[in-house]
Amino acid sequence: MSKNNSGQTITLLDSIDAQKMSTFFKLMSEEIRFKLIFILAHEGEMCVSDLAKWVDSTIATTSHHLQLLKKNKVIENRREGKQIFYFIDNIKVSHFINIGLDFNHLS
């Protein structure tokens with residue numbers, strides 16, 4: 001550990017919610033959830049049935065993953081009649097996806 005930055009590192013670590021950050025990365029580590037977030041970041045608001053088609057999954061499975069994301073405040077939803085539309089309401093989530101794209105292009 002560098003002696004020059006150790007105090008700053010401890011201060012920074014103490015100032016963050018490590019549990020919350022860990023939970024976010026665990027959520028994103030599941031491929032279907034990452035795909036759902038990626039799609040919503042690039043396509044905007046979508047209903048469950050359309051998202052299920054995009055990720056080649058059942059509506060039930062897709063809905064389950066969307067609920068986990070919503071419960072953890074990664075996405076939001078709104079109801080229109082019987083349909084529920086999901087969307088990203090946090091620019092930080094979109095930034096996360098764009099940073100992920102940078103890693104994808106590493107050779």
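Just so you know, residue 1 is the first one in the sequence shown, and it goes up from there. Not measured: the values here are computed from a predicted model.
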Specify the closest pair of heavy atoms between Met46 and Trp54, including all atoms of both residues, with the distance to one decimal.
CE-NE1, 3.6 Å
Look up atom CD in Glu45 and atom CG in Asn77, then write down how far apart they are to the nearest 0.5 Å.
9.5 Å
Using modelled atom types and a 3.5 Å cut-off, is there a donor and acceptor pairing between side-chain atoms of Asn90 and backbone atoms of Lys92?
yes
Closest heavy-atom pair and its distance - Ile88, Ser94:
CG2-OG, 4.0 Å
Test of understanding: clusters of I, L, V, M, F, W, Y form through side-chain heavy atoms closer than 4.5 Å, transitively. Do Phe25 and Ile75 belong to the same one?
yes
Verify, without hydrogens or angle tests, whether Thr62 (side chain) and Ile59 (backbone) share a donor-acceptor contact under 3.5 angstrom.
no
Separation between CZ (Phe85) and CG (Asp50), nearest 0.5 Å, reads 8.0 Å
Quick check: does any side chain N or O of His64 sit under 3.5 Å from a backbone N or O of Ala60, one acting as donor and the other as acceptor?
no
Is any side-chain heavy atom of Thr61 closer than 4.5 Å to a side-chain heavy atom of Val55?
no
Apply side chain to side chain contact (heavy atoms under 4.5 Å, CB included) to Phe24 and Asn72, showing your working.
CA-CA 8 Å; Phe24 176 77; Asn72 287 282; over 6 Å; no
Hey, could you give me the CG/CG distance between Leu27 and Leu68, rounded to the nearest 0.5 Å?
6.5 Å
Might you point out which heavy atoms bring Arg33 and Lys26 nearest each other, and give the distance in Å?
NH2-O, 3.8 Å
Is there a side-chain contact between Ser49 and Gln83, using heavy atoms and a 4.5 Å cut-off?
yes
Taking Phe87 as the starting point, is it possible to reach Leu69 by hopping between hydrophobic residues whose side chains are less than 4.5 Å apart?
no
4.5 Å side-chain heavy-atom contact, Gln67 and Tyr86:
yes
So if I apply the side chain to side chain contact (heavy atoms under 4.5 Å, CB included) rule between Thr23 and each of Lys20, Gln19, Met21, which one comes out positive?
Gln19
For a quick test of reading the model, state the closest non-hydrogen atom pair linking Leu51 to Leu36 and the distance between them.
CB-CD2, 3.9 Å
dist Lys53:NZ -> Cys47:SG (nearest 0.5 Å) comes out at 7.5 Å
